[in-house]
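Structure, as structure tokens:
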Number of protein chains: 2
Amino acid sequence: MTVTSYVRCSNCAVSKFCLPHTLSNDDIGQLEGVVQQKRVLHAGETLYHTGDHFEGLFAISSGSFKSVVIATNGDSQITEFSFPGEILGFDAYHGKTHNSFAEALETSSVCFLPQAQLDNLSQKVPALQQQLYNLFSAEIQSNNEFLLMMGKRSAEDRLAALLINISSRYSQRGYSATHFRLSMSRTDIANYLGLTIETVSRLIRRFQKESLIEVAQRDITIIDLVGLSELAGTHCSYDQKVASAE
Amino acid sequence: MTVTSYVRCSNCAVSKFCLPHTLSNDDIGQLEGVVQQKRVLHAGETLYHTGDHFEGLFAISSGSFKSVVIATNGDSQITEFSFPGEILGFDAYHGKTHNSFAEALETSSVCFLPQAQLDNLSQKVPALQQQLYNLFSAEIQSNNEFLLMMGKRSAEDRLAALLINISSRYSQRGYSATHFRLSMSRTDIANYLGLTIETVSRLIRRFQKESLIEVAQRDITIIDLVGLSELAGTHCSYDQKVASAE
DNA sequence: CGCCATCTTGATGCTATTCAAAAAATGTGG
DNA sequence: CCACATTTTTTGAATAGCATCAAGATGGCG
């Protein structure tokens, strides 16, 4: 765990997807006084555990994470994958206990926003308060969309939707929409989609046979973005999460 | 639609499950100045529609609601059932657009909390601000729990979990935990659980055969609360939504 | 190079869906 | 209040989709 004392949102590559997005330069300056540290985690390391008391929010500056809830019987469910600019920790905001844990999928870095100071600042900076509320409701909305998928769509639709989702999030961040490397394992994908690893493997194969994608391990090349989007169905909703956070 | 000008949280039967829960008498007095009207809806009437601009939160004072998201292809998914004391509208908090609609399942009444005034007051009353944050993260947590169920549990487990959930929410409100009338149709139950109506019907029948419950249309009597809870598995989590909102 | 974890592939079975129809409950007008 | 129409719920039979079980292949890594 590496700690860097100074964080400059204004220089950060992902600031336009992150908390500062809607803030004035002045406000960003104030926010920089709150963002305390930059922490580096390697694949498999956790940012917080289930049951941990909430201390503050984490903004992902690089890498990716999975958020996981665990049932009393030991079952686990990945509730979301998170990418640079996105915020982790809302499930326990303000004096609550995390009911999920967040684990790095690859080497990743995060900024820490201690609750007390964030609260303090958001009371003084309405745009920040607003932005926090926006992120909260965006989280609830994206959760609603996901529930729709889990309740109503087939295995095929779900995998297509995930690929389109990841593609659009990468592309928003300036990376290729059609070629990327998955940071999560097949097991993670299966868990997230409520499927088995075998089903995911077979579906990937099928997509490849149907010339929708090209696959080499975790390297994905989307060949037929339109075809895949049609399978996904709800493809437009994916842009909402980030777009709506403005 | 009936409108009553004055709302007194202090007299309200469900205030201890609602926003005022953690507030001092003084703070409740201030909140009463914000709660503008009491609106009555009949079964099938909607509180807000998908796409409506957010105007404020609704606190349910009696009856029950379903919240529904709609896919571009017309599919719909009920994301939650809501009971007296619970708050509707968080999906669009602060200048966003509802991505779901809320529909009364029976004759119900709600209090309206206009955004501007709620904001204003929550800036002055830290306990209210805190309570709002708590409700937000409780919503996210309960969503996480629900995802776990949708992703990992069988049809049988899901129905048992729903019955236990409803039972515990009724019992918290002073009603019987073992005998109640479902306000939602079989179709709603099936939609919520990501199943078909036929499957739900068959499961209800099976539960009856196994002497877990007694059913007469929408009247449910839980005979073996322990057995049903064991099927539900995650039964303890149901208390969290309300309990954690303190 | 060889071990271990991850991923793929095949055969089989079960769960829940789909299609179809009847039964029960609810609503409606005379 | 009853006969009829409509909606909701139940039940049955057949099917499909995904899971489970069981090997086997591949790639990463010491």
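A salt bridge links A:K66 to A:D188: at least one charged side-chain nitrogen sits closer than 4.0 Å to a carboxylate oxygen.
Going from atom NZ of A:K152 over to atom P of D:dG17 covers 18 Å, rounded to whole Å. Protein atom CZ of B:R153 is 16 Å distant from nucleotide atom C1' of C:dT15, rounded to whole Å. Nucleotide C:dA16 holds its C1' atom 14 Å from the CE atom of B:M150, rounded to whole Å. In this structure, B:R206 atom CZ and D:dT11 atom P are separated by 13 Å, rounded to whole Å. Distance CG (B:N191) to C1' (C:dT17): 15 Å, rounded to an integer number of Å. Spacing between atom CD of B:E198 and atom P of C:dA22 amounts to 16 Å, rounded to whole angstrom units. Note: CD1 (B:I204) to P (C:dA16) measures 15 Å, nearest angstrom. Protein atom CE of A:M184 is 16 Å distant from nucleotide atom C1' of C:dC7, rounded to whole Å.
Closest contact between the side chain of A:T199 and the listed nucleotides C:dT6, D:dT9, D:dA19 involves D:dA19. When the nucleotides C:dT9, D:dT10, D:dT20 are ranked by their closest atom to the side chain of B:I197, D:dT10 comes out on top. The A:Q217 side chain lies nearest to D:dG27 when the options are C:dT8, D:dC21, D:dG27.
Note that OH of A:Y48 and CZ of A:F101 are 10.0 Å apart. Values are rounded to the nearest 0.5 Å. From B:Q141, atom CD reaches atom OH of A:Y93 across 15.0 Å, with rounding to the nearest 0.5 Å.
Phosphate proximity of D:dT9 to B:R218: present, with a side-chain N or O under 4.0 Å from OP1 or OP2. Using a 4.0 Å cut-off, no side-chain N or O of B:R202 falls inside it from OP1 or OP2 of D:dT11.
Cation-pi geometry between B:R39 and B:F112 is not met: the NZ or CZ atom fails to fall both under 6.0 Å from the ring centre and inside 45° of the normal.
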